[in-house]
Number of protein chains: 2
Amino acid sequence: MQSEIRILPVHGIGEVAPGDDLATLLLTALETSGLTLLDGDVLVVTHKIVSKAEGRLVDPATIEPSAFAHQIAAQGRKEANFQEVVLRESRRIVRMANGVLITETHHGLVCANSGVDESNVAGGQIVCLLPVDPDASARALRAALREATGTEVAVVISDTFGRPWREGQVNVAIGCAGLKPLSDYGGIDDPYGYTMHASVIAVADELASAAELVMGKIDRVPVALVRGYSYTRDDEARAQQLIREPRFDLFR
Amino acid sequence: MQSEIRILPVHGIGEVAPGDDLATLLLTALETSGLTLLDGDVLVVTHKIVSKAEGRLVDPATIEPSAFAHQIAAQGRKEANFQEVVLRESRRIVRMANGVLITETHHGLVCANSGVDESNVAGGQIVCLLPVDPDASARALRAALREATGTEVAVVISDTFGRPWREGQVNVAIGCAGLKPLSDYGGIDDPYGYTMHASVIAVADELASAAELVMGKIDRVPVALVRGYSYTRDDEARAQQLIREPRFDLFR
């Protein structure tokens, strides 16, 4: 039975630059925060610092906008150069209205502007893209932390996404390593003997959401440590498992 | 700056029956769990026990299915009587395919089967509806807890919903009292001087998701206590604020 879970902010990461070693930055920040990694901990890491370390930064001014990028720009408030960056990060446009672009990224994620983000990037003109392969980024960070400390942790890489029908964004998992992202209760009898169908919980998304509560948007806390959560360890886990196959999706 | 948050399961609620006083059951369970309410705590309560206490239980066998309920039943795996219960809880059908019904409830919530739930209800044949007014239920529980203990807490009433594009369900807020469900960072400068637009976080949903991690589906822990989260108190708050106006929604 699950007991108390603690959500701990990891302070002191500071500015991350292309080429930085995230595991080293993280371990230093954990020490600064008075925290030591334990087996079973979950680290939730905002994609932004992963993208920065991986050099996924673009100056839209250096990108030649296509004719279609100009079309999109004319219908919204963002410039053609920005829209061109978004188009290059997209494999499909899911909705386009009111100056908003909901796209499917090359990973299959569906979100606004393919996750291209203008905030919290030094200089103001530079935009930040999603990591090329957030699952690989999560696996690499998990392996580096294991090598450095000998502890077995899970890593979730997160971004805040909007949702249909509901106001506000929530933090979700776009990369995952070490824990099963979906917890399947299907086929298990409830306490009344009713066999539950389709009771699959996206625990990686819930962990990302829980972590966001200590991150804030302006506090510059890009990492949270979740301690005490009994997850199912899975060395092959990927956040890709959270993406619904288009043929089962009613809202494409 | 936000410090540690604790997510504590509240054990020992047991079976809830129509007419039960939820505040009393909850305070007894908190005592059993060795917990005392503190000012600023957030209680996340699964809608199921609220619905049961409010008598929102129906035996589909007593409901005469309409012609359309028979039509729906013929296309899926659920019986016409069940579909009739769903139709009566719906004001609109958003999608209907593969035997799945995504509906808009009378509250404006968009979810599968208008939230009508077959699991965890005694007898197996009885289904559980959403509370008539989950915000009112949350307000009543908050007021009763204040009266009984003198503490100012916030209350979130939750249900697990599926999402477009992503596998698995997550726990979201369908009722809310005492805390601002949306945390607005719009117009605030980030540390680089970029003024953030549209950075609204659905913190009530994130609190519901965090709470689900200690609830589980088969553990019968219908309540979690979130301690240490610095929320914006709002005595007029309603989870209705989390429902996007149809005219701004691209996925109706």
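Computed from a prediction, not measured in an experiment: that's the story for all the values here. The sequence lines fix the lettering, A, B, ..., with proteins before strands; numbering per chain opens at 1. Side chains are part of it too, since the values below use all heavy atoms of this structure and drop only hydrogens, waters and symmetry mates.
- No side-chain donor from either of Thr160(A) and Asn171(A) sits under 3.5 Å from a side-chain acceptor of the other.
- Taking the centre of each ring, Phe248(B) and Trp165(A) stay at or above the 6.0 Å mark.
- Scanning for side-chain contact (heavy atoms from CB on, under 4.5 Å) contacts around Asp135(B) gives Asp133(B), Arg139(B), Cys176(B), Arg238(B), Ala239(B), Gln240(B), with sequence neighbours left out.
- Of the atoms belonging to Val94(B), it is side-chain heavy atoms, and not backbone ones, that fall under 4.5 Å from chain A.
- Remark: the backbone N or O of Pro60(A) is paired with a side-chain donor or acceptor of Asn81(A) at under 3.5 angstrom.
- A donor-acceptor pair under 3.5 Å is absent between the side-chain atoms of Ser158(B) and the main chain of Ala208(B), judged by distance alone.
- Looking at Leu250(B), the atoms closer than 4.5 Å to chain A (heavy atoms on both sides) sit in the backbone and in the side chain alike.
- Donor-acceptor pairing under 3.5 Å is lacking for the side chains of Ser114(A) and Thr105(A).
- For chain B, the option among Pro9(A), Gly108(A), Ala210(A) with the highest count of heavy-atom pairs below 4.5 Å is Pro9(A).
- Residues Met96(A) and Ile102(A) form no side-chain contact, since every pair of their non-hydrogen atoms from C-beta on lies 4.5 Å or further apart.
- In terms of non-hydrogen atom pairs under 4.5 Å with chain A, the most contact-rich of Gly168(B), Ser209(B), Ala202(B) is Ser209(B).
- Chosen from Arg166(B), Glu4(B), Arg6(B), the residue pairing most often with chain A at heavy-atom distances under 4.5 Å is Arg166(B).
- Checked for salt-bridge contact, Asp205(A) and Arg163(B) meet the test: a charged N lies under 4.0 Å from a carboxylate O.
- For chain A, the nearby parts of Leu207(B) are the backbone and the side chain; heavy atoms of each come within less than 4.5 Å.
- For the set Leu182(A), Leu225(A), Val226(A), the count of heavy-atom pairs under 4.5 angstrom toward chain B peaks at Leu182(A).
- In terms of non-hydrogen atom pairs under 4.5 Å with chain B, the most contact-rich of Gly228(A), Ala211(A), Ala173(A), Ala204(A) is Ala173(A).
- When heavy atoms are compared at a cutoff of 4.5 Å, Glu104(B) does not approach chain A at all.
- If you measure heavy-atom distances from Ser230(B) to chain A, you find no contacts under 4.5 Å at all.
- Contact count against chain B (heavy-atom pairs under 4.5 Å) is highest for Val110(A) among Ile243(A), Val110(A), Val170(A).
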